[in-house]
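In what follows, every heavy atom counts, from backbone to side chain, and hydrogens, waters and symmetry copies are set aside. In what follows, chains are A, B, ... by sequence order, proteins preceding strands, each numbered from 1.
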2 protein chains.
Amino acid sequence: MSINFQREAPCPIAQLLELLGDRWSLLIIRDAFYGVRRFDGFQQHLGISKKVLTMRLTTLVDAEIMKKERYQSKPERYEYRLTAKGRELFPVLLTMMRWGNRWLVDEGEETVQLLHSNCGEKTEPRMVCSHCEQPITPARIQAVPGPGANREVVQAFRQIVRKSEVKKES
Amino acid sequence: MSINFQREAPCPIAQLLELLGDRWSLLIIRDAFYGVRRFDGFQQHLGISKKVLTMRLTTLVDAEIMKKERYQSKPERYEYRLTAKGRELFPVLLTMMRWGNRWLVDEGEETVQLLHSNCGEKTEPRMVCSHCEQPITPARIQAVPGPGANREVVQAFRQIVRKSEVKKES
DNA sequence: AGTGGTTGGTTTCTTTTAGAGACCTGATAG
DNA sequence: CTATCAGGTCTCTAAAAGAAACCAACCACT
């Protein structure tokens, strides 16, 4: 029902959230970036229940965000590692970290910071255009229907645009 | 219980997810970026139940991510707009959109694309260092304890680092 | 004066998820 | 022969989400 912009719809953000939009998945991936690899490690660092951890890891493996690899065979034991698809979630976590540090943590009270080994300095990631390399801001970015947009999506876009214009006038 | 890295802990990503890590909050914010402002608009575009929408909007207003503004007074009616704090979630949504388009949508089937009005071209946001302006990749970024890190956090970092080194050897 | 539509909700009931904790398995260690 | 570790499963309870009915203030029509 409703215009085709919701969760099971083709919006890439909605699709990502469909997969990872619970309270644990992105924390598991964060820990994986920190180097955690084993069931027990995730469980202890996160304080997540085993049942939910099993479910989340299964989902992540099925989605090919993580892969399960045997690291010993006498008793078979596996570890979970990020795939390329998983590693590319790095920018998502970085922008989240930046926003959290900026708005949820008092200044000077940050518990985590980022060091860029290129320049050796503390860094705050910035977004730039892949084309002109200029900064990206909401005002200078426009979302437009892509090649896979069907009539419904275009329609939804029009409606949203029209509505937001109406609001501006009043 | 467990090392201090979980949800109620000082990790900025965990704090963000504590606030926004459900299946709806970020979609509401996405719609707000698209220009949706009214209860009904969110409800129809998202297909979310009114109860949950009420709860989420309340949370977002309490967190000062959105603000409720009266737009007419005969029958009092309000609309919900992003605050500066909310608008700064833009990079988070952009990186999510990029990942979703890249990994969850078939190439050429993207329903949404971004146009950078600076250069007028289709763009894929990239992350660069605020310092040296060079690209940021997992391999070139290191998370280090910040000024607000207490002994526990530093300890947790050490443990994680040690564990991931052990893994590399085996 | 009554009917229906619009906006922005609340209430109730049912289904889904999450969480705590007991239990299981296969292996090695003492 | 018992203990411990890694990596789970199973069961039960509590919390959250979803569907749908209802409510209320105002307007516009008839």
Problem - B/E18 CD to C/dA18 C1', straight-line distance once rounded to whole Å - result: 14 Å
Fill in the blank from the handout: A/L53 CG to D/dT9 C1', in whole Å, measures 13 Å
Practice task
Establish whether the base of D/dG18 is bridged to the side chain of B/K51 by a donor-acceptor pair shorter than 3.5 Å.
Solution key: yes
Practice task
Measure from the side chain of B/W24, starting at C-beta and using heavy atoms only, and say which of D/dA16, D/dA25, D/dG18 lies closest.
Solution key: D/dG18
Handout entry: Value in whole Å for how far the P atom of D/dA17 lies from CG of B/L57
Key = 13 Å
Exercise for the section: Compare the minimum distances between each of D/dA6, D/dA17, C/dG19 and the side chain of B/V52, then state the nucleotide with the smallest one. Expected result: D/dA17
Exercise for the section: Please state how far atom CE in A/M55 lies from atom C1' in D/dG8, giving the value in whole angstrom units. Expected result: 14 Å
Exercise for the section: Starting from P on D/dA20, measure out to CD on B/Q43 and report it in whole angstrom. Expected result: 12 Å
Practice task
Keeping the roles fixed (side chain from B/E110, backbone from B/G108), state whether a donor-acceptor pair exists under 3.5 Å.
Solution key: yes
Problem - Under 3.5 Å side-chain donor-acceptor pair for B/D62 and B/T59 - result: no
Exercise for the section: Please state whether the phosphate of C/dG21, meaning OP1 or OP2, lies under 4.0 angstrom from any side-chain nitrogen or oxygen of A/S49. Expected result: no
Handout entry: Nearest-nucleotide pick for A/D40, side chain only, options being D/dA6, C/dG9, C/dT6
Key = D/dA6
Practice task
Taking A/T83 for its side chain and A/E64 for its backbone only, find out whether a donor-acceptor pair lies under 3.5 Å.
Solution key: yes
Problem - Under 3.5 Å side-chain donor-acceptor pair for A/E69 and A/Y71 - result: no
Handout entry: Salt-bridge criterion met for B/R77 and B/E79 (N-O under 4.0 Å)
Key = no
Exercise for the section: Using the closest heavy atom to pick a nucleotide of DNA chain D for each, name whichever of B/I48 or A/E76 lands nearer the 5' end. Expected result: A/E76
Problem - Atom pair distance, as rounded to whole Å: CG in A/L46 and P in C/dA18 - result: 14 Å
Practice task
Using whole Å, report how far CD of A/E69 lies from P of D/dA6.
Solution key: 19 Å
Practice task
Could you check which of D/dA17, D/dG7, C/dG9 has an atom nearest any side-chain atom of B/K50?
Solution key: C/dG9
Exercise for the section: When you get a sec, tell me which of C/dT17, D/dG7, D/dA16 is the closest nucleotide to the side chain of B/R56? Expected result: D/dA16
Handout entry: Phosphate OP1/OP2 of C/dT7: any B/Y80 side-chain N/O under 4.0 Å
Key = no
Exercise for the section: Find the distance A/Q72:CD to D/dG7:P and express it as a whole number of Å. Expected result: 8 Å
Exercise for the section: Compare side-chain N and O positions of B/R77 against OP1 and OP2 of C/dG9 and report whether any pair is under 4.0 Å apart. Expected result: no
